[in-house]
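This report concerns only the one structure given below.
Only a predicted model underlies this, so the values are computations on that prediction, with no experimental measurement involved.
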Amino acid sequence: MSTSTKPQTVAVHAGSRLTGSKSQPVVPHIQMSAVSFFDNSDELDEALDGKDYVYSRIAAPNAALLEEAVAALEGSEACVAYSSGMAALRAVFDAQRFKPGDTLVMPADGYGVTRLLFKNLAERAGARIEALVLSEPSAPERLRALRPRFVLAESITNPLLRVPDLQALSQACREVGAPLAVDATFPSPYGQRPCALGADYSIQSTTKWLNGHSDALGGTVSGSREKLAPLRAARLLHGDVLGPFEAWLTLRGVRTLPVRMKVHAENAAHVARRLSDCKLLSRVHYPGLTDHPDHAVARRVLQGGFGGMVAFDIQGAGRPECFRFLEAVKLARAAPSLGDVGTLVMHAASASARRMTSEERQAAGIGESLIRVSVGLEDPDDIADDLIAAVSEAMKR
């Protein structure tokens, strides 16, 4: 087994070998059996404590290999896999054991479904949510003043692509004793390792870049063994496990993650520059552009480029014009996800921010004219041409 920590090598080799056998396939088998038996009762007894594979709710080979690979990519001690990214977020929330009166901080301009989930869970726990724009320079001082019990950040916010200074946020969190969780789905582990920047948890929707082919849901939480022990114990009871097919497909995607992400980022940078010259757009959101408000921070906290996401506002457009844009694209596909090999586009207010109230969207700066793009592996000029032509078509009427 390679001891290299370089992302390209880790992605290809981590999570390749299950212990206990001298024969190892180049591609791991899909272990479909949910139950195993043992001839030796003592070995069965130990397996029920998680020392071997006996029941897939306790532990399963394909999920274990994926967890090993993601932990290695994240540079963390351990990883716990779930059936979706939302399940991973729920697990982190539950592990905090909030009490009535506790305050938790989350992004005001982040993923709308995460916000709705945490609002619902916080209400049941009697906790209070404080929504902040964590990319603002004043955010660390706001955390020190609020003294929250827990903070959730997004590495690159969805859908406005703001980039918080995780090093400054993690320092403030340490000072007030608040665990910091980071949804790092947008950059992927290739683009950022939040735990190395001081976060306690790094969360991935593996459905996106890690899988890379839009054919398997999943989520992971990475961090120290100590921090993840309660999550693993709770998963055993709740049963929110990742299935063998999904784990296998995601691990297959992990093998090419660095290669794919390098091109996604290069293509996104090219597309963003092309879009910046389009007179029909009022603003292009991409942290790699020098006029992006967080460009300097992004250069420091992101690695391997600025990610594969771009967003833009169509000048003078409302929802009808944006819907016409979605219908006008020829190469891109209108779909409410990201991370595929092909380019995906969506209208942010009606998709990623759909579960936010109109007041929350307005406060976050998510307008009806905003389009989010997951830039694919096609020729970048073909992508840009398609987007610009679709904008032109949408604004003709």
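- Nearest approach of V182 to S155, heavy atoms of both residues: CG1-OG, 3.2 Å.
- Side-chain atoms of S135 and V297, non-hydrogen and from C-beta on, never get closer than 4.5 Å to each other.
- Side-chain contact between N62 and L251 is absent, with no heavy atoms from C-beta onward closer than 4.5 Å.
- Of the N and O atoms on the side chains of Q167 and Q171, not one donor lies less than 3.5 Å from an acceptor on the other residue.
- Atom CZ of R174 is surrounded by more than 12 heavy atoms from other residues, nucleotides or ligands within 6.0 Å.
- Comment: D294 engages R162 in a salt bridge, judged by a side-chain N to carboxylate O separation of less than 4.0 angstrom.
- Around atom CZ of R97, no more than 12 heavy atoms belonging to other residues, nucleotides or ligands sit under 6.0 Å away.
- Taking a 6.0 Å sphere around CD of E130, one finds it holds more than 12 heavy atoms contributed by other residues, nucleotides or ligands.
- Using a cut-off of 4.0 Å between Lys/Arg side-chain N and Asp/Glu carboxylate O, K330 and E393 are scored as not salt-bridged.
- Looking at E321 and I314, their side chains never come closer than 4.5 Å, going by heavy atoms from C-beta outward.
- The heavy-atom pair separating L331 from D382 by the smallest distance is CD1-CB, 3.9 Å.
- Taking both residues in full, the closest heavy atoms of A108 and R115 are given as O-NH1, 3.1 Å, listed atom of the first, atom of the second, then distance.
- Nearest heavy atoms, T250 versus L66: CG2-CD1, 3.8 Å.
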**Asked** Would L116 and M356 count as a side-chain contact (heavy atoms from CB on, under 4.5 Å) if you check the C-alpha gap in whole Å, the side-chain angles of each, and the deciding distance to 0.1 Å?
**Response** CA-CA 7 Å; L116 180 59; M356 298 171 73; over 6 Å; no
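- With contacts defined as side-chain heavy-atom distances shorter than 4.5 Å, the pair L134/V105 qualifies.
- For the atom pair CZ (R193) and CG (L166), the distance works out to 14.5 Å, reported to the nearest 0.5 Å.
- By the 6.0 Å contact criterion, CZ on R57 is enclosed, its count of non-hydrogen atoms from other residues, nucleotides or ligands being greater than 12.
- Neither L377 nor M309 shares a network with the other; the hydrophobic side chains, linked directly or stepwise wherever heavy atoms of I, L, V, M, F, W or Y lie under 4.5 Å apart, form separate groups for each.
- R324 places no side-chain N or O within donor-acceptor distance of the main-chain N or O of K396, the cut-off being under 3.5 Å.
- Taking the side chain as every heavy atom from C-beta outward, P187 and V301 never approach each other to under 4.5 Å.
- Formation of a donor-acceptor pair under 3.5 Å by the T207 side chain with backbone atoms of G218 is found in this model.
- The pair K119-E123 does not meet the salt-bridge criterion, since no charged nitrogen lies less than 4.0 angstrom from a carboxylate oxygen.
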**Request:** Start with the C-alpha gap between Q31 and W248, add the side-chain angles, then the distance that decides, and say whether side-chain contact (heavy atoms from CB on, under 4.5 Å) holds.
**Result:** CA-CA 9 Å; Q31 175 57 268; W248 187 91; over 6 Å; no
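- For the pair D52/E46, no side-chain contact is recorded, criterion being any heavy-atom separation below 4.5 Å from C-beta on.
- At most 12 non-hydrogen atoms from other residues, nucleotides or ligands lie less than 6.0 angstrom from CZ of R333.
- I203 is not connected to V254 by any chain of hydrophobic side-chain contacts under 4.5 Å among Ile, Leu, Val, Met, Phe, Trp and Tyr, and they are in different clusters.
- Less than 6.0 angstrom separates the ring centroid of F93 from the ring centroid of F98.
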**Asked** Taking it one step at a time, do R372 and L370 satisfy side-chain contact (heavy atoms from CB on, under 4.5 Å)?
**Response** CA-CA 7 Å; R372 192 192 75 183; L370 183 64; 5.9 Å; no
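- Residue F245 places its CZ atom among 12 or fewer non-hydrogen atoms of other residues, nucleotides or ligands, all under 6.0 Å distant.
- Hydrophobic clustering (side-chain heavy atoms under 4.5 Å, transitive across Ile, Leu, Val, Met, Phe, Trp, Tyr) groups V54 together with L237.
- Linking ILVMFWY residues whenever their side-chain heavy atoms come closer than 4.5 Å, directly or via other members, places V221 and L121 in the same cluster.
- Within 6.0 Å of the CZ atom in R232, the count of heavy atoms belonging to other residues, nucleotides or ligands exceeds 12.
- Going from atom CD of Q192 over to atom OG1 of T185 covers 11.0 Å, rounded to the nearest 0.5 Å.
- In the hydrophobic cluster analysis, where Ile, Leu, Val, Met, Phe, Trp and Tyr join through side-chain heavy atoms closer than 4.5 angstrom, L326 is grouped together with V329.
- For the residue pair A265 and Y286, the shortest heavy atom distance occurs at O-OH, 3.5 Å.
- One N or O on the side chain of E67 and one on the backbone of A81 form a donor-acceptor pair closer than 3.5 Å.
- Here the CD atom belonging to E368 is positioned 7.5 Å from the OG atom belonging to S350, to the nearest 0.5 angstrom.
- For Y53, the OH atom is densely surrounded, since the number of other residues' heavy atoms within 6.0 Å is greater than 12.
- Residue S369 holds its OG atom at 11.5 Å from CZ of R319, rounded to the nearest 0.5 Å.
- Atom OG of S76 sits about 12.0 Å away from atom CG of D200, to the nearest 0.5 Å.
- Checking E378 against T343 by side-chain atom types alone, a donor-acceptor pair falls below 3.5 Å.
- Between V373 and L387, the closest side-chain pair of non-hydrogen atoms falls below 4.5 Å.
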**Request:** With side-chain contact (heavy atoms from CB on, under 4.5 Å) as the test, would you mind laying out the steps for L146 and L132 before giving the verdict?
**Result:** CA-CA 11 Å; L146 285 169; L132 302 179; 4.0 Å; yes
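- R142 and S138 form no side-chain donor-acceptor contact under 3.5 Å, judged by distance and modelled atom types alone.
- Side-chain atoms of S392 do not come within 3.5 Å of backbone N or O of I388 as any donor-acceptor pair.
- Residues L180 and C173 come closest through the heavy atom pair CB-SG, 4.0 Å.
- Put simply, CG on L280 and CD on Q315 are 8.5 Å apart, with the number rounded to the nearest 0.5 Å.
- At least one side-chain heavy atom of H264 sits under 4.5 Å from a side-chain heavy atom of W209.
- The backbone N or O of P194 lies less than 3.5 Å from no partner atom in the side chain of S202, so there is not a single donor-acceptor pair.
- Each of F312, F323, F325 was evaluated against H347; a single residue qualifies, F323, per the ring-ring contact (aromatic ring centres under 6.0 Å, His included) test.
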